[in-house]
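Report on one structure; see the data block that follows.
All values below were derived from every heavy atom in this structure, side-chain atoms included, with hydrogens, water molecules and symmetry-related copies excluded. The first residue of the sequence shown is numbered 1, and numbering continues consecutively from there.
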Amino acid sequence: RIRIDGSATDLLHFGGMDATFVASGPSLAAVGDALGVTLPTTAKFATHGRLRKHGAVWDAGVAALDIGSSRLNGQFRFDDGPAVPVLTGRLGGARLALADLGPAFGAAPPDAPASASNARPGKVVPDREFDIPSLKAMNADVDVRLAMLDLGTAKLEPFRPLQGRIALQDGVLGLKDLLARTSAGEVQCRIGLDSRPVNPKWDADLRWSGIQLERFIKARDRAVRRDAGGARPEVGYISGALGGNAQLRGEGRSSAQLLASLDGTARLWVRDGTVSHLLVEAA
């Protein structure tokens, strides 16, 4: 659904527009298909803002974009003049929920019934194929500035803030210069997806440092003995400064295929840490 209120010029060739808009629907991908713009598969969305068009250039000021429980906004320019259209702009917002990214990777929307899973019976990883052709429909360079990334559980501290760039060039999608901070530490990440081979290739370089596990993992050890006054100390299952890195690669046309072919190296360490006896026994 979309409602537009404004003015347009040169209606025969649709040469210009200046209008406010209100839109909603089941997924942003449906909007992208209609406009020739590559947008991710998402949960239900609602948005409003201002839309301007001059010649082959569209400018969209998105005052609010609600996807599931995510609260986003942004300013974008889409130039349909080049042989391969170009999208540029900025994506911001107060909150991005990790669960709302799931449909872009083949998972069912968070509000979908359990029967809507895109994984094979007995499996949990989605095996629905990505929309690979859409990655070649345009080029893009979008700056990302988000106040918070919610990991979807109260047991883990969210990331505040999350920043980076989304780049799409000749069918190669890159999430670049990603930086997220949490619990006095930070995570740096680069992810790439090359859609040009028959089996698209994926690679990632992740580094994390200084994450204070006592703060990041909010679950508390309920087996800790009470003190002399009868109070139970607030003690986590693990403490210390978490660091590490991973260089991973895979190939395939779905999340299941990518993970099945996953290869690479990963290192993880904790400095000045303690570990609950329960975790030791579980291991």
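Within the 4.5 Å cutoff, side-chain heavy atoms of Ile211 are placed close to those of Val187. Contact annotation: the side chain of Val62 never approaches that of Leu91 to less than 4.5 Å [non-hydrogen atoms, C-beta and beyond]. Side-chain contact between Phe216 and Leu151 is present, with at least one heavy-atom pair separated by less than 4.5 Å. Thr274 has its side chain out of reach of Ile238: every pair of non-hydrogen atoms, C-beta onward, lies at least 4.5 Å apart. Contact of the Trp202 side chain with the Leu262 side chain is registered, since non-hydrogen atoms from C-beta on lie closer than 4.5 Å. At a threshold of 4.5 Å between non-hydrogen side-chain atoms, the residues Thr42 and Asp100 do not count as touching. No side-chain heavy atom of Thr41 sits under 4.5 Å from any side-chain heavy atom of Asp131. Taking 4.5 Å as the limit, every side-chain heavy atom of Val22 sits out of range of all side-chain heavy atoms of Ile2.
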Carefully, step by step, assess Val142 and Thr88 under the rule side-chain contact (heavy atoms from CB on, under 4.5 Å).
CA-CA 5 Å; Val142 176; Thr88 56; 6.0 Å; no

Hey, mind stepping through Val57 and Asp80 against side-chain contact (heavy atoms from CB on, under 4.5 Å) and telling me if it holds?
CA-CA 6 Å; Val57 178; Asp80 198 23; over 6 Å; no

How far apart are the C-alpha atoms of Ser7 and Met17, what are their side-chain angles, what is the distance that settles it, and do they pass the side-chain contact (heavy atoms from CB on, under 4.5 Å) test?
CA-CA 6 Å; Ser7 60; Met17 169 184 278; over 6 Å; no

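Heavy-atom contacts from other residues, nucleotides or ligands closer than 6.0 Å to NZ of Lys218 number more than 12. In the displayed structure, Arg77 atom CZ is contacted under 6.0 Å by at most 12 heavy atoms of other residues, nucleotides or ligands. Surrounding CZ of Arg90 are more than 12 heavy atoms belonging to other residues, nucleotides or ligands, all under 6.0 Å away. Annotation: Asp5, atom CG; neighbour count of heavy atoms from other residues, nucleotides and ligands within 6.0 Å does not exceed 12.
Between the side chain of Arg253 and the backbone N or O of Val198, at least one donor-acceptor pair lies under 3.5 Å. Within the 3.5 Å criterion, the main-chain N or O of Phe105 finds a donor-acceptor partner in the side chain of Ser255. Judged purely by atom type and a 3.5 angstrom limit, Asp79 has no side-chain atom pairing as donor or acceptor with the backbone of Leu87. No donor-acceptor pair closer than 3.5 Å links the side chain of Ser24 to the backbone N or O of Phe45. The backbone N or O of Gly55 sits less than 3.5 Å from a side-chain atom of Lys53, completing a donor-acceptor pair.
Here Asp203 pairs with Arg190 in a salt bridge; the nearest charged N to carboxylate O distance falls below 4.0 Å. Under 4.0 Å is where a charged nitrogen must lie from a carboxylate oxygen, and between Arg50 and Asp18 at least one such pair does. The pair Arg207-Asp205 meets the salt-bridge criterion, with a side-chain N (NZ, NE, NH1 or NH2) lying under 4.0 Å from an Asp/Glu carboxylate O. Using a 4.0 Å cut-off between a side-chain N of Lys or Arg and a carboxylate O of Asp or Glu, Asp143 and Arg165 do not qualify as a salt bridge.
Counting all heavy atoms, side chain and backbone alike, Ser239 lies closest to Glu214 at CB-OE1, 3.6 Å. Of all heavy-atom pairs between Ala241 and Gly210, the closest is CB-CA, 4.5 Å. For the residue pair Pro158 and Thr182, the shortest heavy atom distance occurs at O-OG1, 3.0 Å. Looking at every heavy atom in both residues, Leu258 comes nearest to Gly252 through CD2-N, 3.8 Å. Residues Pro40 and Ser27 approach most closely at O-OG, 4.0 Å, considering heavy atoms. When all heavy atoms are compared, the tightest approach of Arg71 to Asp66 is CD-OD1, 3.1 Å.
Among residue pairs with one or both ends in residues 122-158, none qualify as ring pair (Phe, Tyr, Trp, His ring centres under 6.0 Å); sequence neighbours excluded. Among residues at least two apart or in separate chains, salt bridge (Lys or Arg N to Asp or Glu O under 4.0 Å) pairs with a member in residues 262-283 are Arg249-Asp263.
The closest side-chain donor-acceptor pair between Ser183 and Gln212, if any, does not fall under 3.5 angstrom. For the 3.5 Å distance criterion, the side chains of Ser254 and Glu129 fail to qualify, holding no donor opposite an acceptor. Under the 3.5 Å distance criterion, with hydrogens and angles disregarded, no donor-acceptor pair is assigned to the side chains of Glu251 and Ser261. Under the 3.5 Å distance criterion, with hydrogens and angles disregarded, a donor-acceptor pair is assigned to the side chains of Ser69 and Arg95. Judged purely by distance below 3.5 Å, without hydrogens or angles, the side chains of Thr38 and Ser134 never pair a donor atom with an acceptor atom.
A single hydrophobic cluster is seen to contain both Ile4 and Phe78, as judged by linkage of ILVMFWY side chains at heavy-atom distances under 4.5 Å, directly or through other members. Under the 4.5 Å side-chain heavy-atom criterion for ILVMFWY residues, no single connected hydrophobic cluster contains both Leu168 and Val86. Hydrophobic clustering, with ILVMFWY side chains joined whenever heavy atoms are under 4.5 angstrom apart, keeps Leu206 apart from Trp269.
Looking at residues two or more places apart in sequence or on another chain, you find no ring-ring contact (aromatic ring centres under 6.0 Å, His included) involving Trp208.
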